[in-house]
Amino acid sequence: MESHDCVDEGAALWDNSAMNTTLLSGLNPPQLQAVTLPQQSALILAGAGSGKTRVLITRIAYLISTGAVSPHGILAVTFTNKAAKEMVTRLSAMLPVNTRGMWIGTFHGLCNRLLRAHYREANLPQAFQILDSGDQLSAIKRVMKALDVNDEKYPPRELQNFISSSKEQGLRAHDVEAFDPYTRRKVEVYAAYDAQCQKEGVVDFSELLLRCYELLSRNSAIREHYQARFTHILVDEFQDTNPLQYQWLKLLAGKNNSLFAVGDDDQSIYAFRGANVGNMKDLLRDFKVDAVIKLEQNYRSHGNILDAANALISNNKNRLGKNLWTSEQGGEKLRVMEAPTDVEEANFIVSEIRQLKAEGLKLTEMALLYRSNAQSRVLEHALVSAGLSYRVYGGLRFFERQEIKHALAYLRLMQNTEDDNALLRIINFPTRGIGARSIEQLQEAAKLHGTTLWDAAARAGGKVTAFVGLIEALRRATRELPLPEIMAHVLLNSGLVLHYKNETGAKKREAEERLENLNELVTAATLFVHENEDDSLTSFLTHASLEAGEHQAGDQDDALHLMTVHAAKGLEFNAVFITGLEEGLFPHQNSQRVDGGLDEERRLMYVAITRARRRLYLSFAQRRMLNGQVSFSAPSSFLQELPDELLLWLSPRAVPRNPFAAFGYVAPVAAPVQCAVSDTGWRTGQRVMHQKFGEGVVTGAEGSGNDGRVQVNFKHAGSKWLALEYAKLTAL
DNA sequence: CGCACGTGGTTTTTT
DNA sequence: ACCACGTGCG
């Protein structure tokens with residue numbers, strides 16, 4: 001990613017002293033300091049584009065090449081499989097030793113590895129299966145049904161959230177404080193859910209971490225073994241760790257090991273899923289870190305882009321403090337466009353893309369970013385009409401597709417008959433005449449005898465018996481086969497392939513795609529066998545759950561990148577379009593409800609801006625289709641936070657400078673106004689004063705004249721609808 | 001059993 | 001506007 005990588009030089013690599021020069025050349029002073037730090041815990045505050053991944057990898061290479069540690073003693077943790085893979089690849093290019101002794105992986109991957117190695121001590125079956133969030137949700141629904149929980153009062157999704165976030169805080173059901181009946185009921189479901197998972201031999205994602213944490217904290221022999229082994233623990237994207245992950249790291253680090261954490265508090269954009277930036281400050285305290293190293297030189301963006309990013313982020317409170325700079329001063333100004341509608345915004349973007357393309361910039365070098373997925377629609381439409389190829393990132397992943405999940409469920413059930421989730425998924429898919437009624441009977445029988453559904457099915461009759469026979473036949477026939485052949489056999493003999501082949505009419509196309517995916521599944525299995533030593537079925541199923549897989553074709557085409565700002569973190573492009581910069585959309589209106597929500601939105605904007613290397617477009621629309629209705633919004637307040645002199649307006653300037661910005665006043669986020677066809681004389685975005693409620697911003701209006709009413713978001717009193725007949729409002 | 005229609009929700013997401 | 005999910009009918 002960073003341009004100057006220092007690899008090769010054949011023989012020199014084998015010579016320690018020569019190698020270090022090769023390794024270390026091209027590092028700037030703080031980077032060098034970070035890489036060559038003596039054994040101690042450290043926090044590397046690494047700004048966007050400052051070479052943080054490079055530092056992390058070079059640090060490992062340095063430690064090994066100087067003999068400070070053998071590969072055996074390295075534990076490197078990331079959040080995504082992609083990051084872990086990149087680390088392994090770059091490291092093996094840099095080091096002549098093999099990377100095998102090192103443990104490099106995601107939190108979940110590493111915990112899985114530990115739990116497999118010590119499954120008895122962790123009280124798990126050897127071949128325990130991993131539930132993805134979809135599986136987890138259906139498991140929760142089953143528990144709720146069994147406990148007769150009202151799913152209107154307790155939406156399953158909310159329970160899922162409750163359980164996951166409790167686990168991420170390190171709390172078991174009995175640890176959760178419940179003072180009201182509502183919470184007590186949720187705790188009950190939590191406890192029953194965990195019991196069900198235990199019985200069925202499955203674990204969800206957060207369970208992997210919590211169970212592993214408990215294993216290490218309760219079993220001193222195992223803990224001490226790994227503490228003695230992993231003398232150097234390195235963590236990427238540390239700002240994204242949740243409390244449990246941090247506790248896990250602390251446990252492994254013990255008293256003597258060093259924790260080398262790399263992160264950027266300004267790029268913390270995952271608080272909504274439990275990430276705790278506070279871990280950075282805790283780290284300083286808990287590990288008595290005396291040297292915080294800041295990587296502030298940016299190798300990615302031109303000066304103007306960086307200045308804009310710095311200006312924006314300086315509005316945030318509670319930063320650890322960091323200011324990016326670059327030797328690439330100046331560059332182009334940021335281009336700002338106000339369009340009347342979302343459609344015209346998209347058309348403008350298309351014409352700019354065409355222009356850039358004509359100038360020789362590849363489509364892959366451009367990215368279209370937006371705050372929410374729904375926004376891609378209009379953009380896609382414009383791109384299709386213009387004949388520009390693009391790829392939307394995010395969305396359904398390979399192993400999450402329905403047909404793939406069905407196929408894997410057969411394998412899971414064959415391997416572990418206790419897996420009720422898997423059984424329920426396929427007992428009647430393809431349909432074999434086992435209806436809801438029969439399934440209910442099975443569940444009752446299982447409950448009555450305290451057995452699994454499989455055992456109940458074995459004792460049932462008729463069509464259920466045939467199903468049990470099918471699974472057993474599949475198991476028998478594939479016992480001795482290699483993985484890809486098991487896969488192919490199951491696909492053909494389960495009736496899955498036939499089912500999709502028989503599809504006609506409207507569903508034909510869809511079925512064809514599903515068949516292709518099933519084919520791809522055999523390919524994936526073949527690939528897996530080639531790439532992994534452990535080519536067992538269990539191992540493949542784990543791979544499927546833990547690595548839902550980007551498994552999409554078309555990477556080689558010259559296609560534009562479309563994605564949410566979240567998905568863009570860690571990437572960079574020559575030209576970036578940040579779209580939909582409207583108050584209520586970006587910053588998103590919902591962020592208002594959350595403590596620190598606006599700051600997180602601002603960090604998100606910071607991430608978006610810093611993706612651009614040379615050219616950055618900022619665009620917004622006065623009016624757009626939102627949730628099936630036309631809504632009107634004011635320009636994003638973030639635009640006001642960017643210095644005037646860095647902006648090049650391609651449309652007449654629409655954003656007034658905020659005279660209060662200097663005093664730290666930030667207007668509340670206004671919701672996009674729906675159906676704002678009104679004649680009240682008040683325009684959304686207008687700042688107003690009310691005698692009782694004080695200062696606020698008009699966020700909506702309807703009706704006309706004194707019969708109308710306006711919605712005002714007050715700085716202190718919150719959002720209110722006011723009838724104009726009575727309310728005395730003055731414009732500010 | 002399978003389809004048709006109705007209903008509710010709609011920020012961001014990795015494992 | 002659109003999608004995912006659930007219920008009720010043929």
Side-chain angles (χ1 to χ4, degrees), chain A residues 77-84 105-112 130-138 141 151-152 155-157 161 164 167-168 203-209 237 240-242 244-245 268-275 342 369-378 381 393-397 399-400 402 428-439 463 505-507 542-550 563-570 580 584-594 597 600-601 603-605 607-608 624-631 669 672 674:
Chain A
V77 196
T78 64
F79 275 86
T80 65
N81 293 298
K82 198 176 152 200
T106 62
F107 279 102
H108 295 84
L110 295 166
C111 286
N112 172 63
I130 299 165
L131 302 183
D132 69 17
S133 15
D135 299 331
Q136 185 188 27
L137 190 61
S138 31
K141 283 179 183 165
D151 61 1
E152 299 221 316
R157 294 235 175 243
N161 247 332
S164 297
K167 288 187 182 182
E168 280 158 16
V203 299
D204 61 46
F205 286 134
S206 20
E207 182 71 24
L208 278 173
L209 284 155
E237 305 277 19
D240 289 337
T241 50
N242 65 36
L244 178 57
Q245 286 162 337
S268 155
I269 55 174
Y270 286 113
F272 72 91
R273 67 174 199 213
D342 48 354
L369 308 184
Y370 35 81
R371 174 68 242 262
S372 66
N373 286 305
Q375 288 167 252
S376 75
R377 194 164 206 88
V378 183
H381 183 79
Y393 289 74
L396 205 53
R397 284 205 217 18
F399 284 111
E400 281 167 0
Q402 184 209 103
N428 199 34
F429 194 94
T431 46
R432 44 178 71 89
I434 303 175
R437 194 55 193 275
S438 325
I439 292 173
K463 289 167 177 165
K507 286 196 167 175
T542 301
H543 164 81
S545 322
L546 245 34
E547 216 167 317
E550 279 289 292
M563 63 188 95
T564 62
V565 180
H566 282 94
K569 190 172 146 206
L585 197 57
F586 195 4
H588 199 278
Q589 168 200 334
N590 292 2
S591 67
Q592 226 183 161
R593 299 257 145 257
V594 190
E600 178 143 322
E601 293 289 303
R603 289 192 292 269
L604 199 51
M605 181 66 180
V607 167
R624 78 169 57 234
M625 220 32 167
L626 219 58
N627 302 335
Q629 280 182 309
V630 177
S631 65
V669 175
Q674 310 228 315

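Here is the naming used below: chain letters follow the sequence lines, and residue numbers restart at 1 for every chain.
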| Are A:H588 and the base of B:dT11 stacked, counting only ring centres nearer than 5.5 Å and planes tilted under 30°? | yes
| query | So, A:F107 and B:dT15: ring centres less than 5.5 Å apart, planes less than 30° off, yes or no? | reply | no
Taking the [atom1] atom of each, how far is [N] from [M], in whole Å?
| N | M | atom1 | result |
| --- | --- | --- | --- |
| C:dA4 | B:dT13 | P | 16 Å |
| C:dC5 | B:dT12 | C1' | 22 Å |
| B:dT14 | C:dC3 | C1' | 23 Å |

Output yes when a side-chain donor or acceptor of [X] lies under 3.5 Å from a complementary backbone atom of [Y], and no otherwise.
| X | Y | result |
| --- | --- | --- |
| A:E600 | A:G597 | no |
| A:E601 | A:H588 | yes |
| A:D151 | A:P155 | no |
| A:N428 | A:I434 | yes |
| A:R603 | A:S268 | yes |
| A:N627 | A:Q629 | no |

| request: Select one nucleotide: of B:dT13, B:dC1, B:dT11, the one nearest the side-chain heavy atoms of A:T431. | output: B:dC1
| A:R157 vs B:dG9: side-chain N/O to OP1/OP2 distance below 4.0 Å | no
| message | Can you tell me if A:T564 touches the phosphate of B:dT13, counting only side-chain N or O atoms and a distance under 4.0 Å to OP1 or OP2? | response | yes
| query | Under 3.5 Å, is there an N or O donor on one side and an acceptor on the other linking the side chain of A:S133 and the base of B:dT15? | reply | yes
So what does [X] touch, heavy atoms closer than 4.0 Å: a base, only the sugar-phosphate, or nothing?
| X | result |
| --- | --- |
| A:L131 | nothing |
| A:N81 | sugar-phosphate |
| A:Y270 | sugar-phosphate |
| A:K569 | nothing |
| A:F79 | sugar-phosphate |
| A:D132 | nothing |
| A:D240 | nothing |

How many Å lie between [atom1] on [X] and [atom2] on [N], as a whole number?
| X | N | atom1 | atom2 | answer |
| --- | --- | --- | --- | --- |
| A:K82 | B:dT13 | NZ | P | 14 Å |
| A:N242 | B:dT15 | CG | P | 14 Å |
| A:E600 | B:dT11 | CD | P | 15 Å |
| A:N112 | B:dT14 | CG | P | 19 Å |
| A:N627 | B:dT10 | CG | P | 9 Å |
| A:N373 | B:dT10 | CG | C1' | 11 Å |
| A:E152 | B:dG8 | CD | P | 9 Å |
| A:N161 | B:dT12 | CG | C1' | 13 Å |

| Closest-nucleotide 5' rank along DNA chain B - winner of A:A374 and A:S545 | A:A374
| message | For A:R371 and A:E400, find the nucleotide of DNA chain B closest to each by heavy atoms; which residue's nucleotide sits nearer the 5' end? | response | A:R371
| Of the non-hydrogen atoms in A:F205 and A:H108, which two are nearest, and what is the gap between them? | O-CD2, 3.2 Å
| query | Which residue, A:N242, A:T241, A:D240, forms the side chain to side chain contact (heavy atoms under 4.5 Å, CB included) with A:Y270? | reply | A:D240
| field | Whether A:H566 and A:F272 hold their rings parallel, tilted or perpendicular, with breakpoints at 30° and 60° | value | perpendicular
| request: Considering only heavy atoms of chain A and a distance under 4.0 Å, specify the first and last nucleotide of DNA chain C in 5' to 3' order that meet this criterion. | output: C:dA1 to C:dG6
